[in-house]
Amino acid sequence: MISETAERNGRWEMAWKRWILQSARTWDDVAGIIQLINIDQVDKDHMLFTQYALDLNLIIQALNNQEASFENLYKGDEIFQRLLDYAKIHFEHEKVIMENIKSPLMEAHLEQHAIFMKMIEDHYKDFKQGRLHIVSGLKLSVLDWWVNHINGIDYQTFVVRNSKFGKGAQ
């Protein structure tokens with residue numbers, strides 16, 4: 001009975017997070033489901049990148065709602081470029097911190113970063129080639145991956161591992 005309740009609560013929590021990600025428009029909408037890492041630069045990066053991903057979702061939603069104007073296409077292109085540029089900056093910030101704390105999770109962490117960059121680059125290529133029906137699948141994929149990454153390996157790398165070894169990542 002307890003395991004059934006836990007399983008039901010887990011499904012409810014997952015559905016709730018999914019609903020938040022689908023309907024969110026600003027950082028404040030998703031802040032409650034994203035773990036803070038308690039490293040100022042990393043948390044600021046997470047907040048800014050999350051907002052870019054939310055902005056992209058709004059453009060994709062507009063394009064899916066038959067609002068395919070040049071203005072929305074230009075905005076989408078600009079946001080994709082910001083996502084790619086800022087992901088590179090953020091991932092470099094994390095790499096430096098992982099090197100400084102000699103993180104045993106660094107290799108796996110950097111592999112996830114490479115996978116994420118490829119995913120964004122592939123979606124951007126589809127967008128630039130006018131494959132809007134394919135790009136609509138990105139609406140949640142970027143944000144979902146991002147939130148899971150922060151709450152998963154980022155949290156393990158920068159919070160859990162450092163607290164176990166008494167290391168500060170600041």
Side-chain angles (χ1 to χ4, degrees), residues 10-11 13-24 26-60 76-128 131 134-170:
R11 283 195 311 263
E13 185 178 334
M14 189 183 312
W16 175 249
K17 286 180 181 180
R18 197 114 178 115
W19 180 84
I20 288 172
L21 292 176
Q22 288 176 338
S23 58
T26 67
W27 165 258
D28 289 337
D29 295 337
V30 296
I33 63 168
I34 297 177
Q35 295 283 337
L36 288 178
I37 303 305
N38 296 318
I39 301 171
D40 288 342
Q41 185 61 56
V42 174
D43 286 333
K44 286 177 187 172
D45 287 353
H46 287 166
M47 187 182 307
L48 187 57
F49 189 92
T50 300
Q51 189 58 58
Y52 291 157
L54 290 167
D55 292 345
L56 184 61
N57 283 352
L58 293 174
I59 291 297
I60 290 167
D77 187 72
E78 181 181 310
I79 293 168
F80 263 115
Q81 289 176 24
R82 272 194 247 144
L83 278 172
L84 286 165
D85 291 344
Y86 207 78
K88 290 173 190 168
I89 292 167
H90 169 67
F91 292 157
E92 186 59 32
H93 288 158
E94 287 191 352
K95 182 180 177 188
V96 168
I97 293 167
M98 286 185 283
E99 288 170 346
N100 288 338
I101 64 173
K102 296 175 179 41
S103 173
L105 299 176
M106 186 169 168
E107 185 177 337
H109 205 130
L110 295 178
E111 285 175 13
Q112 281 198 8
H113 289 174
I115 290 167
F116 187 63
M117 289 300 296
K118 179 156 179 16
M119 178 178 64
I120 297 173
E121 288 166 354
D122 289 347
H123 283 308
Y124 186 39
K125 285 178 193 169
D126 288 336
F127 179 83
K128 287 182 76 82
R131 298 183 190 152
I134 294 172
V135 174
S136 68
L138 138 85
K139 185 174 186 313
L140 276 180
S141 64
V142 169
L143 196 54
D144 194 41
W145 187 96
W146 181 248
V147 170
N148 287 330
H149 178 78
I150 293 169
N151 291 344
I153 198 162
D154 274 2
Y155 192 77
Q156 285 294 315
T157 300
F158 301 119
V159 178
V160 174
R161 292 279 177 174
N162 286 324
S163 66
K164 283 183 183 176
F165 299 110
K167 296 179 183 178
Q170 294 277 0

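All of these numbers come straight from a predicted model, not from anything done at the bench. Computation of the quantities below employed the complete heavy-atom set of this structure, encompassing side-chain atoms and omitting hydrogens, waters and symmetry-equivalent molecules.
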task: Would you sort out whether I89 and H93 count as a side chain to side chain contact (heavy atoms under 4.5 Å, CB included), showing the intermediate values?
output: CA-CA 6 Å; I89 292 167; H93 288 158; 3.5 Å; yes
- prompt: Is there a side chain to side chain contact (heavy atoms under 4.5 Å, CB included) between V147 and V30 once you walk through the steps?
  reply: CA-CA 9 Å; V147 170; V30 296; 5.7 Å; no
Residues I60, F127; criterion side chain to side chain contact (heavy atoms under 4.5 Å, CB included); working and verdict: CA-CA 10 Å; I60 290 167; F127 179 83; 5.8 Å; no
query: Do L105 and Q156 pass the side chain to side chain contact (heavy atoms under 4.5 Å, CB included) test, and can you show the C-alpha distance, the side-chain angles, and the key distance before you say yes or no?
result: CA-CA 8 Å; L105 299 176; Q156 285 294 315; 4.0 Å; yes
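With sequence neighbours excluded, the residues satisfying salt bridge (Lys or Arg N to Asp or Glu O under 4.0 Å) with D77 are K128. With sequence neighbours excluded, no residue forms a salt bridge (Lys or Arg N to Asp or Glu O under 4.0 Å) with D29.
For the pair Q41 and Y86, the tightest heavy-atom approach, listed with the atom from each and the gap, is NE2-OH, 4.2 Å. Heavy atoms only, all atoms of each residue included: I120 and F80 are closest at O-CE2, 4.0 Å. Here the closest heavy-atom approach between residue M117 and residue A87 is recorded as SD-CB, 3.4 Å. The minimum heavy-atom distance between A108 and I153, with the atom names listed, is C-CD1, 4.0 Å. Between V159 and L36, the shortest heavy-atom contact is CG2-O, 4.2 Å. Of all heavy-atom pairs between S141 and H123, the closest is OG-NE2, 3.4 Å.
The pair E78-R82 meets the salt-bridge criterion, with a side-chain N (NZ, NE, NH1 or NH2) lying under 4.0 Å from an Asp/Glu carboxylate O. Look at R18 and D144 and you find a salt bridge, because one of the NZ, NE, NH1 or NH2 atoms lies within 4.0 Å of a carboxylate O, short of that distance.
The CD atom of Q81 sits 3.5 Å away from atom OH of Y124, with the distance rounded to the nearest 0.5 Å. Taking CD1 from I79 and CG from L58, the interatomic distance works out to 8.0 Å, rounded to the nearest 0.5 Å. For the atom pair OG1 (T50) and CH2 (W27), the distance works out to 5.0 Å, reported to the nearest 0.5 Å. Summarising the geometry, atom CG belonging to L48 is positioned 9.5 Å from atom CG belonging to L83; distances are rounded to the nearest 0.5 Å. Note that the CD atom of E94 and the CD atom of E99 stand 12.0 Å from one another [nearest 0.5 Å]. Within the model, atoms CG of D154 and CG of N148 stand 11.5 Å from one another, a figure rounded to the nearest 0.5 Å.
With a 4.5 Å cut-off on side-chain heavy atoms, H149 and F116 do not count as touching.
Note: H113 and H109 have perpendicular aromatic rings, judged against thresholds of 30 and 60 degrees for the angle between ring planes. Aromatic ring orientation, W146 versus H90: perpendicular (interplanar angle above 60°, classes split at 30° and 60°).
For CD of E107, the number of neighbouring non-hydrogen atoms (other residues, nucleotides, ligands) closer than 6.0 Å is 12 at most.
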